[in-house]
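Worksheet: one structure, shown below.
Everything numeric here is computed off the predicted structure, so don't read it as measured data. Order of the sequence lines fixes the chain letters, A, B, ..., with proteins taken first and strands second; residue numbering starts at 1 for each chain.
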Amino acid sequence: MSTAASTAETYETFEDREELESVVIRFAGDSGDGVQVTGGQLTQVTAIAGNDLATFPDFPAEIRAPAGTTYGVSAFQINFGARRIRTAGDQPDVLVAFNPAALKVNIGDMPGGSLIIVDTGAFSDRNMKKAGYETNPLEDQTLDNFRVIEIDISKRTLESVESYGLSQKQALRCKNFWTLGLVYWLYSRDRQPTIDWLNVKFGKLPGIADANIAAINAGHAYGETAELGEEVKGYFVPPAVMPRGLYRTITGADALAYGLVAGANLAGLKLMLGSYPITPASALLHVLAGMKEFGVTTFQAEDEISAVCCAIGASYAGSLGVTSSSGPGVALKTEAIGLAVSTELPLVIVNSQRSGPSTGMPTKTEQSDLYQAVYGRNADAPVPVLAASSPADAFDTAIEAVRIATKYMTPVFLLTDSYIINAAEPWLIPDVSSLPQHKVEFCDDADGFHPFLRDEDTLARVWALPGTPGLEHRIGGLEKDYDSGNISYDPENHHRMTMVRKAKIDGIANDIPEQAVTLGSEEDTVAVVGWGSTYGPINRAVDDLRVEGLPVAHIHVRHLWPLPANMAELLSSFKHVLVAEMNTGQLRTILRSEYLVPAEALNNISGLPFKTTEIKDAVRKLLEG
Amino acid sequence: MSTAASTAETYETFEDREELESVVIRFAGDSGDGVQVTGGQLTQVTAIAGNDLATFPDFPAEIRAPAGTTYGVSAFQINFGARRIRTAGDQPDVLVAFNPAALKVNIGDMPGGSLIIVDTGAFSDRNMKKAGYETNPLEDQTLDNFRVIEIDISKRTLESVESYGLSQKQALRCKNFWTLGLVYWLYSRDRQPTIDWLNVKFGKLPGIADANIAAINAGHAYGETAELGEEVKGYFVPPAVMPRGLYRTITGADALAYGLVAGANLAGLKLMLGSYPITPASALLHVLAGMKEFGVTTFQAEDEISAVCCAIGASYAGSLGVTSSSGPGVALKTEAIGLAVSTELPLVIVNSQRSGPSTGMPTKTEQSDLYQAVYGRNADAPVPVLAASSPADAFDTAIEAVRIATKYMTPVFLLTDSYIINAAEPWLIPDVSSLPQHKVEFCDDADGFHPFLRDEDTLARVWALPGTPGLEHRIGGLEKDYDSGNISYDPENHHRMTMVRKAKIDGIANDIPEQAVTLGSEEDTVAVVGWGSTYGPINRAVDDLRVEGLPVAHIHVRHLWPLPANMAELLSSFKHVLVAEMNTGQLRTILRSEYLVPAEALNNISGLPFKTTEIKDAVRKLLEG
Amino acid sequence: MNVATKIDPLKAKDFASDQEVRWCPGCGDYAIIKAMQKTLADIGATRESTVFVSGIGCAARFPYYMSTYGFHTIHGRAAAISTGIKLANPNLDIWVASGDGDSLSIGGNHLLHLLRRNVNLQYLLFNNEIYGLTKGQYSPTSRMGTRSPSTPLGSVESPISACEFALGSGARFVARGVDTQQKHLPGVFQRAWEHQGTSFVEILQNCIVYNDDVFAEFTAKDIAQDRQVHVMHGEPMIFGANEDKGLRVDAESLQLEVVTLGENGISESDILVHDETNPTLARMLATMEAPEYPVALGVLYCDPAETYDASVLAQVQEAKDRLPEADLDEYLRRGHTWTV
Amino acid sequence: MNVATKIDPLKAKDFASDQEVRWCPGCGDYAIIKAMQKTLADIGATRESTVFVSGIGCAARFPYYMSTYGFHTIHGRAAAISTGIKLANPNLDIWVASGDGDSLSIGGNHLLHLLRRNVNLQYLLFNNEIYGLTKGQYSPTSRMGTRSPSTPLGSVESPISACEFALGSGARFVARGVDTQQKHLPGVFQRAWEHQGTSFVEILQNCIVYNDDVFAEFTAKDIAQDRQVHVMHGEPMIFGANEDKGLRVDAESLQLEVVTLGENGISESDILVHDETNPTLARMLATMEAPEYPVALGVLYCDPAETYDASVLAQVQEAKDRLPEADLDEYLRRGHTWTV
Ligand SMILES: Cc1ncc(C[n+]2csc(CCOP(=O)(O)OP(=O)(O)O)c2C)c(N)n1
Ligand SMILES: Cc1ncc(C[n+]2csc(CCOP(=O)(O)OP(=O)(O)O)c2C)c(N)n1
Ligand code: SF4
Ligand code: SF4
Ligand SMILES: [Mg+2]
Ligand SMILES: [Mg+2]
């Protein structure tokens, strides 16, 4: 563990530097170029520097596409600033392109006048051809409207690591750290945390660590000494004002895992994850697989059905069963989820959504599985649905999902998405031991016992564990008699049981916080309603519009089913309700049917997060029209 | 084939008989008592007698529960009359109880004064105890309010078949036909069609046929000669006025199968059914398995996933792929349905709904899989949804499903339910060869070909079959480029493709009939909206209320997704929209979100069809309130 | 299996639940449940630590009739659910009750992986070669040509051999029994229970309604002894009403052959001795079919290996032992942090 | 397989599509596609009647790179979808391309039933003992102890042997090849194509990114000849750099053993001759593992039986022949009807 204080690098020349409120940097290159690692390091040091930040790692679908192809380009974007940062940024201020393909794929997103850093060493004829450039973009008009820094990074990297006895291939791999050094210089970042990280990471290969450190230092020195041109000088982004406390950066995958473990702890349960790998959900499996010391068991199943069934079995036996997948995998689980509904067992189903339908675009984000979560089962089988709105929020939402699942003896859907899973943001680390407990009490009273005895308030059934003498009982997916828990085909009983299952879930609306207006108030004209990872762009857009004085509010919904009790009233106070979603209008459908509110739709189904401008434009149109 | 004319039995004493407009009879006994066969025969002869009718077979969950138990009771109800019959009847006028358990289970449904026929020979102490009777119900007050015909049917049956050399067990099996003979006498039914049927059915066992014929004649003679008591005399139900033409009775399973084959014929395609057995859907597999001469291939798959995948493969290769299941099985198919959506292949998914959630009450009816059909997939994956409203209607709805699936290159959901599948009604046999064709044209033009070329009007893609030289192409579940059909991860293209898939399905609204008011008009105050097998009870209830002069209309929806284009306007003309469904309000949710109409709910989730009185009461309450 | 407390042992009837048994009269399942109740009494099981898990089907109703814990799950998934139960509480003694459709049709994949993983539980496959509960369609174990509602002209699929499949899937314990053999079946169940790992038992079960007498070819009283061989580890595989038939391997063709003691100079020492740890022999035994061969009953294969649940939990335990003070708050604060 | 037209035969490169191949540089899949393109040219296949069907995974990208028809379906379901294609159009010549996860994890059940039914197509299992596309988790064929993102402490599951599983599932053709053996692989593919029924081919495929050199133990150049045996029907199973090693069965233990020609009086006549119709031998060959045994390559088992598609379609044809004038209108009017 290192803290900012101990390693701070002081840029004596802060006065010379231009102060920026925020900046958006995108790195792009081959999967082999270490783009994600580079981004991760910049994220760390930026967080430590006290900026707020958000990141967006964008992976290619191919594992390691042939070098230099456009479809093999991997990208990482970070937005950091002196103000609260809500998104990874609409448009980058800086693009670092490690090769022609990276330039080709990303240049379209760059606003005129932005800064482009290219490794000229990678602009060989062969690479340009592979990228589909007929003429050299560094020489034709392609970059006319940009500020371009052309450096033969490859060559300079090779020079900087010459003395470490690496092969040419290994040496070239240090390119990303050389570039990072330059970026660190550009934005006054401290190199030390990255140097520490390299020393730990390559502890067993000190040669590699040293070479990378040399590269980073060389890149940094290049910035300090080189003439980068008139328009390019060092920048300085002051720390943001953030709530006090101890921080770290966290990805959604980590936050989810920690939240689930914390939730299980607070319930007094062991956690058992049943999962079958699928992009982007696998990350949760990977993190939890490394947390065995907390009593976590992970089961990599033979398929998604086995995964959810194993989790159900675990819950039956008294653990917290969790299963995790993405849309296509969740589809396979729906029959089994019905069993958990019918047997009223706790279960948390994490869906890390991705672009569909079917295989779709597996590495791209989307939030189009809301219908599936709310309605996607046979029969009347209501299930609570929650969504995390950011990487860090996944921690709290996971705890809430566990609380509801165990208190109400029900499966709970927890929705995240590809963006949340992979992106990182600073996180004010909570004190888990002081969070409110929601300890489970297992039934141990044989007196009048039957397995479908219900709590009067919550309507939850008792949880009696196999192994308990005297409570032997049988449960299953057939309809049960309300009064004995035995199989029943009685018509009125079935109606009653269906209604009590529904009432139990509906009743959760009274056990969750009222829906707050996230930004703005009920006095505003337009409410932009969102859920999940659209939090950032909506919040930023509404914030910006409010600064302009426009009467717009942001309402971000965590509890999607049942919806908070005050929702009807809240929505009715706005003239316009605009539901912004990365799907064709799924929450909108639900709000309309629940409240008969004429909610309007803003949809983006591109596999990429909303741009704040899209949202702003839509709101302006509503206010004008 | 026998026609009414050739076999008509003339009840010379029609004058003595009381004329009834309609009558409801329920048979109940052990699964081994032949209750369903008895009902089936009564249905046949009643249809031939020119009555309109509806039936409701009610199976126990157990295959053959130990004789005499209440959970082994099987029942069959028929409603027939001189007027149009819409339901199997709210309450039976007559109950035939073959044993104490049958009496116990069914007596609660009988109105005071109704007729109860019991086989006293089956009322042994042992059987009464098994049924849970502590005293003999024939001797205590149990039957005080009923007209009871006590006959030792067992004994009389044994006597009547004495001369056929059957074992005691075999001889007793003729009990149901003895009883049927009596019922035939009571309601002036012709025995000949049943006698013909017995001769064909037991062609290879003439002894059995003859014994059963003797039994039926004996039962009939008993009615003619015996003193059945003051209140019991012969009845007479005149023929109903029905559209002219050739009729037969048909169950939903048969109608569905025939409709699918007819639909495939009209499209010029072979039909391939992939199915995994499940109650009540298996019946469709069984019927289609017997239709090979029409080029039908049936594949009993290893599970539902394989079943739907096999159907998708068949469609890919140029057949009409069909898959059939019930809710839990459909749940397993949802991932693969997404593939059919993404690859835009025709596919008909038949869901014969049953009570849920999970295994629920497998032999009971429900219509709670509408959410699943409309919304139950991951991602934005819209699919048309149709529902049959009666056994006979399943034929037409199946043809329409095939038309849409092939014209729009899309999976189509076709919803039926346990009631429709098993029930029978008279069917005016259509002339398939004169039905409108919807012939499929496969692509064979290599010029400018790519697999996602779309028809301008329908937006359907071309259907190019493997085996066609020059059209070799690759399709799959990854997102495709709009202009080439190749894999594409382009953000804007994905948005465009998602929207075009949606537009294609939405556009079907313009290619289906406008929603008609089934009964009544837009001038009425209340519209009772229904779908699927609630047609009968709603129609009867509304009809009755209208006879009373109440301003109520019936709107029955076949096209549930997309809804007919005029639906918004139509619904807006009523003060009250009451959606009557055998679920917790699923169509209601859809109508509310689509039209912001404050639709109200009438729900019955008992596993049994609505009673008309429930609907009438609900409408009256609305009109009064 | 687990070590059960021996104090105040329960009797067979103590393992019957209060629910009425709802199988068809004459169904082979009645005999199986009887053998099971006897077995539980024999091994001194307790009700509270015994769990019956099932999928869907006639066989899958089993749990309702036992006074132990029970979970009647969904079609084909009992193996997966049991795995979760075992991982969550390894002290429970789990018996899976599943039909041939449940296990080998929809549930084939889970069974494969259960066997491969070797989860410590007993898996009972009730093979009646038909789908009973859904009213008689042919199943993956039905003989070629089976006429059923879905195959009016006869089925055209080559059936799967349950035991051969289990062996091909890496099972470490494979046994076979017949529903009505009340002398034999409890012994097989007990061996299954004693075995550490997944114990796979195929029970040939007569469905009197939809597939009556399908095993009569080798279970009919008059021929049973000549058409069955009860194998015992270390014993020569001799069978027949007169105990004069035996099995031998032809070294050339690598096939089993039936020989008669006393004929062609064959004596007991020529007869193959059953070695239940030999997988090649197990497969040959598993695939023997009547009438050419006797059907092999008893423990065909038993060769224990480390169980999945033990290995998984050992890793968890190791991690805990390594970090006995594992504290989530401390964990969350690892790596780079900073104070604002 | 199908009879392909021999006029104007296409060359290997004619079977390459216009799409850029997107596997990782150095991936074994490149070699496999090369062998496949050569095979198609060798057998005189046509593009239009050849269909590649796949599930999801790196291997499953195969169809995109072939100029034939292709269907990239969903994870684990290629077997089921292919069955539908074949039943709808038996003239199509279907090759399934599927990974070890696709085939043996999520798709295990469909593979079992495909093999048992014996649908006439070729099934290629690309076994790299890892989930490539999802970035390196262990698969059902991964060795015990495999460290992967989901098993940081090593996997604890006993791997499945693909060929043994196929045999246990009733496969009638089982073969094995190695990605880089360009001399051998097209021959195996051709045998698979010639076989009527489901031809199961396991291809050992190196995943250079997540499981590099996992087969090096018997494929590394210097030891390959001593650690592999290429079996040929009717030929003695001899191998080794010096062609001096062979396989023999120990009649007592029913196990294969490796012997050296010339040692202990062993001569060629002592060496077992491969009989590809012998299932017992096939299983023994399938389970041989390096380094104790040579890994068996080539056609381990081939014993044709009636195919499912032929039987199904024969029933349909029979029904049509029996009722050549089948008319739906007439059909609907059968049984009791009446006129109003
Ligand atoms: C998902 C799903 N598919 C299908 C069914 C219908 N189903 C119930 S039991 C069964 C097969 C029963 O056969 P088997 O497992 O052999 O048990 P048996 O009744 O013969 O004991 C089927 C197909 C179901 N309940 N759930
Ligand atoms: C329903 C579903 N579950 C999971 C996945 C994720 N997934 C894609 S490929 C794959 C496994 C790939 O392994 P393998 O079949 O061995 O192929 P390889 O990539 O190694 O060639 C998985 C788990 C998916 N696409 N769909
Ligand atoms: S149908 Fe067959 S298996 Fe099922 S209970 Fe009846 S006899 Fe037993
Ligand atoms: S990840 Fe492995 S299997 Fe997949 S393309 Fe790369 S090298 Fe090949
Ligand atoms: Mg069975
Ligand atoms: Mg693999």
Choice from [options] maximising heavy atom contacts with chain C below 4.5 Å:
options: A:N265, A:L428, A:D303, A:V308; result: A:D303
options: A:T297, A:I305, A:V296; result: A:I305
options: A:I429, A:I250, A:L465, A:T343; result: A:I429
options: A:A311, A:A47, A:G318, A:G50; result: A:A47
options: A:G477, A:G274, A:S433; result: A:S433

So, do [X] and [Y] sit near enough that their side-chain heavy atoms are less than 4.5 Å apart?
X: C:R77; Y: A:C309; value: yes
X: C:H110; Y: A:E302; value: yes
X: A:I312; Y: C:T73; value: no
X: C:E48; Y: A:E472; value: yes
X: C:V312; Y: A:F299; value: no
X: A:P426; Y: C:W338; value: yes
X: C:L332; Y: A:W427; value: yes
X: C:H113; Y: A:S306; value: no

Exercise for the section: Start with the C-alpha distance between A:K292 and C:Q315, add both sets of side-chain angles, then the distance that settles side chain to side chain contact (heavy atoms under 4.5 Å, CB included), and finish with yes or no. Expected result: CA-CA 8 Å; A:K292 296 192 169 52; C:Q315 280 196 344; 3.5 Å; yes
Atom of [X], atom of [Y] and distance for their closest heavy-atom approach:
X: C:Y69; Y: A:T468; result: OH-O, 2.7 Å
X: C:R333; Y: A:P430; result: NH2-O, 2.9 Å
X: A:R248; Y: C:R334; result: NH1-O, 4.5 Å
X: C:T83; Y: A:C310; result: C-SG, 4.3 Å
X: A:A317; Y: C:L92; result: CB-CD1, 4.4 Å

Side chain, backbone, both or neither of [X] within contact of chain C (heavy atoms, under 4.5 Å):
X: A:M242; result: both
X: A:Y247; result: both
X: A:P243; result: backbone
X: A:A307; result: neither
X: A:L273; result: neither

I'd like to verify something: which residue of [options] has the highest number of heavy-atom pairs under 4.5 Å with chain A?
options: C:I85, C:L323, C:D329; answer: C:D329
options: C:P324, C:G70, C:A319, C:S67; answer: C:G70
options: C:K320, C:H75, C:R117; answer: C:R117
options: C:P63, C:S82, C:A80; answer: C:A80
options: C:N109, C:T68, C:L112, C:N89; answer: C:T68

Handout entry: Centroid-centroid under 6.0 Å between C:Y331 and A:F294 rings
Key =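 Yes, ring centres under 6.0 Å apart.
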Under 4.5 Å from any heavy atom of chain A - which part of [X]:
X: C:V51; result: side chain
X: C:D327; result: backbone
X: C:R322; result: neither
X: C:E318; result: neither
X: C:F52; result: neither

Exercise for the section: List the steps and the verdict of side chain to side chain contact (heavy atoms under 4.5 Å, CB included) for A:M291 and C:L328. Expected result: CA-CA 10 Å; A:M291 295 183 75; C:L328 193 55; 4.0 Å; yes
Problem - Residue of the set A:I475, A:L339, A:I487, A:L478 for which side chain to side chain contact (heavy atoms under 4.5 Å, CB included) holds with C:H72 - result: A:L478
Practice task
Could you tell me the separation between the CZ atom of A:R474 and the CD atom of C:Q19, rounded to the nearest 0.5 Å?
Solution key: 7.0 Å
